S.K.: 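Take this structure first; my questions come after.
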There are 4 protein chains.
Amino acid sequence: MEMPKETFFNLPEEKRQRVIDAAIDEFSQRSFHDARITAIVDAAGIAKGSFYQYFEDKKDLFKYIIGLAAEKKIEYVNRDIMGRIQDCTFFQLLRELYLSGIRFAKENPRLLAIGMQLLNNPELYYEVIGEHRDTTNEFYEKLLEKAMADQELDPKIDTKVASRLLAGLSYSMVDLIYEDGKLDFDDMVFVDKLLYIVENGMKRKP
Amino acid sequence: MEMPKETFFNLPEEKRQRVIDAAIDEFSQRSFHDARITAIVDAAGIAKGSFYQYFEDKKDLFKYIIGLAAEKKIEYVNRDIMGRIQDCTFFQLLRELYLSGIRFAKENPRLLAIGMQLLNNPELYYEVIGEHRDTTNEFYEKLLEKAMADQELDPKIDTKVASRLLAGLSYSMVDLIYEDGKLDFDDMVFVDKLLYIVENGMKRKP
Amino acid sequence: MEMPKETFFNLPEEKRQRVIDAAIDEFSQRSFHDARITAIVDAAGIAKGSFYQYFEDKKDLFKYIIGLAAEKKIEYVNRDIMGRIQDCTFFQLLRELYLSGIRFAKENPRLLAIGMQLLNNPELYYEVIGEHRDTTNEFYEKLLEKAMADQELDPKIDTKVASRLLAGLSYSMVDLIYEDGKLDFDDMVFVDKLLYIVENGMKRKP
Amino acid sequence: MEMPKETFFNLPEEKRQRVIDAAIDEFSQRSFHDARITAIVDAAGIAKGSFYQYFEDKKDLFKYIIGLAAEKKIEYVNRDIMGRIQDCTFFQLLRELYLSGIRFAKENPRLLAIGMQLLNNPELYYEVIGEHRDTTNEFYEKLLEKAMADQELDPKIDTKVASRLLAGLSYSMVDLIYEDGKLDFDDMVFVDKLLYIVENGMKRKP
DNA sequence: TATGAATGAGGATTCATTCAT
DNA sequence: CATGAATGAATCCTCATTCAT
């Protein structure tokens, strides 16, 4: 996988940030194809030529930004959730994950927009991310398997299917964010009401 | 809402189809901005100039195609589901809806792709879909309210939240389509396993 | 010189007028090159194809319109001036000519606009009118020669030059029309004040 | 008022001239709308893309060229006339002005053509010339008022009207240029003969 | 003769990328 | 490393004219 060239990492921190920021701005407002290098270099205050000394091409930059976003999100959620995995039930953990996801998205709306774009464009996704489409699914699957092993779940449910369900639900969250204000209760209430259903649907029957 | 010009509707059916087909092809493979009139007219075998006698401009065509897709999907699902609304339980109906949705998407993968496209071009989305934004949510909400009235549902669940959940799940379906083959069971099994959870989560406790 | 085809003259009077009118409208608002056949046929309510059954091409129509305008102006001025040539002095006649010209322009502003266009575009002029650029000059020259013979003029003036002066002055008139209202006296006063100078400049000294 | 971009002024003088020259060539031969960027860049030997690094668009270039022409003419006439305003009578000055105008037009026929163009595209005219519409009239009016104050003029003439006359006469000059050769005397003789009439018409009677 | 669809050449403009300094 | 001009392919769209019915 290409990456920014060395020159980019040799840049003074502040300048590098400006470039990253400008890129996030542009990519969050326009599709990959519509995004303009010109807009990015202008906003970053660097020369057009310099751009091509930092990055191979537009796609190179895009991949880098996507990578950054993923990294940031993982870091964020990790920090939020860290250490609770052990002492929590599966459903408590799920609740924290969703809430943490919502918080992250609200704090980083531009990254959310970029991520959505990627998710809705399979070709681009494939080009940029390559094979690794299933990280999210797999993550939930592992969680579910552990919960199953811990006998928290109804043994009749299929963890592969359930992992899809949990992943799919994150879209409900995003919707919630985009429509902010349309529903008259706050995120935590929403998540709790949602999880009430999920928990009833998946938990081990006594 | 603009529409194709009269000339387009005066065209012989076969030619009109060729244009529509070429447009669907192009729009399903490239973003609105990136889609090329040239590719469309070439594929349709018409002159560049003719295109502009049929449509105001690229956006006009796009809107038309989106409208067609929506119409087609509604028709499809209606035909599939028609008549069963009365004799079905809520969960049976939901099963049919999801299966019908999957079938439609599998039969019309290009329309699916265009729809997904739309989802991440908010500006265009608004222009094209306009007011009809939350049709899906509202549709599920109505269904849920009826089910609630029929005492099929756990009175503790919130129909607004549940409608989001049901809408969000359609994303799990799309995922399924894109990954076709990755899961080792077929759509019906998938939907059944999914609905097993959903039903458990939402149905009225005895 | 091409002319409209026979078909045009076979048209019912009313329809022919509609075409002429539409053409005058378009040509008075846009330069020859910018004028659009489409606009003309739309306004005239005829089919695009019909146009090419009446006229060879855009230029053919333009020539025809120019011809009409010239004819109309000559007719107008003739009617105004008719019969006075004998009983008038040269300067009285000139006054009538100018006033008549102003009246015509005010009553036919669209024709004025087309004429101006032509005058300011030598290439077009040549293409459309051919060699006959000097009609106006020659007309004034004849008038001046008669006046000279009648001993109304200072024998020292050169009639060729004076004819240019008189022709050039018509531009002052046009200016006056375009700026209508900027000067605080009316046309007749303007012409009289102008002719006061001209007469002093050209009349035979006692 | 828009202007060419900085990049244009950073260009080596020689290249810049090539662009200007090509533009003047094209605009003097075709109407603004009809003028082709392609022709200009080809003649100037620059890339199509480069053009858009120098100018915003076609109109931007056109305005610039018009500005240049105006500037050049003012400079030219100023240089010609400079210093004589004090020692000349009004009629002597007028003679110099007309002769200078003729010389300029003959030396810059392409600029003349562009200027004439502008006169019959009112929309463009307004955009380009904007407020400065009646500079010419006002210029002559000031001159006339001074002459009047100096008692060079017949007190009965109206300076506003006379200024129109003098401005209108410049059209006679243009005619002269376009018909070059048709009259059998040279410019100076023509102007002298013209001014003989004008002077007689306007000068103070003894 | 009327119609209006079909055509395609031609124009303006954008933008990723290259290149010379 | 920085710079920013140079490039040209690619795109949308317009419009006079032709053509088939």
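As the structure is a computational prediction, the values presented were derived from the model and not from experiment. Labels below follow one simple rule: chain letters A, B, ... track the order of the sequence lines, proteins then strands, and each chain is numbered from 1.
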S.K.: Reckon A:T7 has a side-chain N or O less than 4.0 Å from the OP1 or OP2 of F:dC1?
M.R.: no
S.K.: Between D:F8 and D:Y64, is the ring centroid distance below 6.0 Å?
M.R.: yes
S.K.: Select base, sugar-phosphate, or nothing to describe what A:K15 touches, counting heavy atoms under 4.0 Å on all strands.
M.R.: sugar-phosphate
S.K.: Please determine if a side-chain N or O atom of A:S50 lies less than 4.0 Å away from the OP1 or OP2 oxygen of F:dC1.
M.R.: no
S.K.: On the nucleotide F:dC1, are OP1 or OP2 found under 4.0 Å from the side-chain N or O atoms that A:N10 carries?
M.R.: yes
S.K.: I need the CZ-P distance between B:F51 and F:dT11, as an integer number of Å.
M.R.: 14 Å
S.K.: Can you check the B:I37 CD1 to F:dT11 P distance for me, whole Å?
M.R.: 11 Å
S.K.: What integer distance in Å separates D:R36:CZ from E:dA12:P?
M.R.: 9 Å
S.K.: Of D:A47 and C:K59, whose nearest nucleotide on DNA chain F comes first from the 5' end?
M.R.: D:A47
S.K.: Under the rule for side-chain contact (heavy atoms from CB on, under 4.5 Å), what residues qualify as partners of B:Y52, not counting sequence neighbours?
M.R.: B:I37
S.K.: Please compare B:I46 and C:I46 by the position of their nearest nucleotide in DNA chain E and report the one closer to 5'.
M.R.: C:I46
S.K.: What nucleic acid atoms does A:T38 come within less than 4.0 Å of, heavy atoms only: base, sugar-phosphate, or nothing?
M.R.: sugar-phosphate
S.K.: Mark yes when over 12 heavy atoms from residues, nucleotides or ligands other than A:K5 sit less than 6.0 Å from its NZ; otherwise mark no.
M.R.: yes
S.K.: Please enumerate all residues that pass salt bridge (Lys or Arg N to Asp or Glu O under 4.0 Å) together with C:D42, with sequence neighbours excluded.
M.R.: none
S.K.: Between D:Q53 and C:K48, name the one whose nearest nucleotide on DNA chain F is closer to the 5' end.
M.R.: D:Q53
S.K.: What integer distance in Å separates C:L61:CG from F:dT17:C1'?
M.R.: 14 Å
S.K.: What's the NZ-P distance between D:K58 and E:dA12, to the nearest Å?
M.R.: 5 Å
S.K.: Just do the side chain to side chain contact (heavy atoms under 4.5 Å, CB included) check on A:L111 and A:L68 with the steps written out, would you?
M.R.: CA-CA 9 Å; A:L111 296 186; A:L68 273 193; over 6 Å; no
S.K.: Is there a Watson-Crick or G-U wobble partner for E:dA12 with both distances under 3.5 Å, and which nucleotide is it?
M.R.: F:dT11
S.K.: Nearest-Å distance, OH (A:Y52) to P (E:dT17)?
M.R.: 4 Å
S.K.: In whole angstroms, how far is the C1' atom of F:dA16 from the NE2 atom of C:H33?
M.R.: 12 Å
S.K.: Remember a base hit wins even if backbone is also touched, and classify B:A35 as base, sugar-phosphate or nothing at under 4.0 Å, heavy atoms.
M.R.: sugar-phosphate
S.K.: With a 3.5 angstrom cut-off on both distances, give the Watson-Crick or G-U wobble partner of F:dA20, or none if there isn't one.
M.R.: E:dT3
S.K.: Phosphate oxygens OP1/OP2 of F:dC1: is one of them under 4.0 Å from a side-chain N or O of A:Y54?
M.R.: no
S.K.: Please give, in whole Å, the distance from F:dT7 P to D:L11 CG?
M.R.: 10 Å
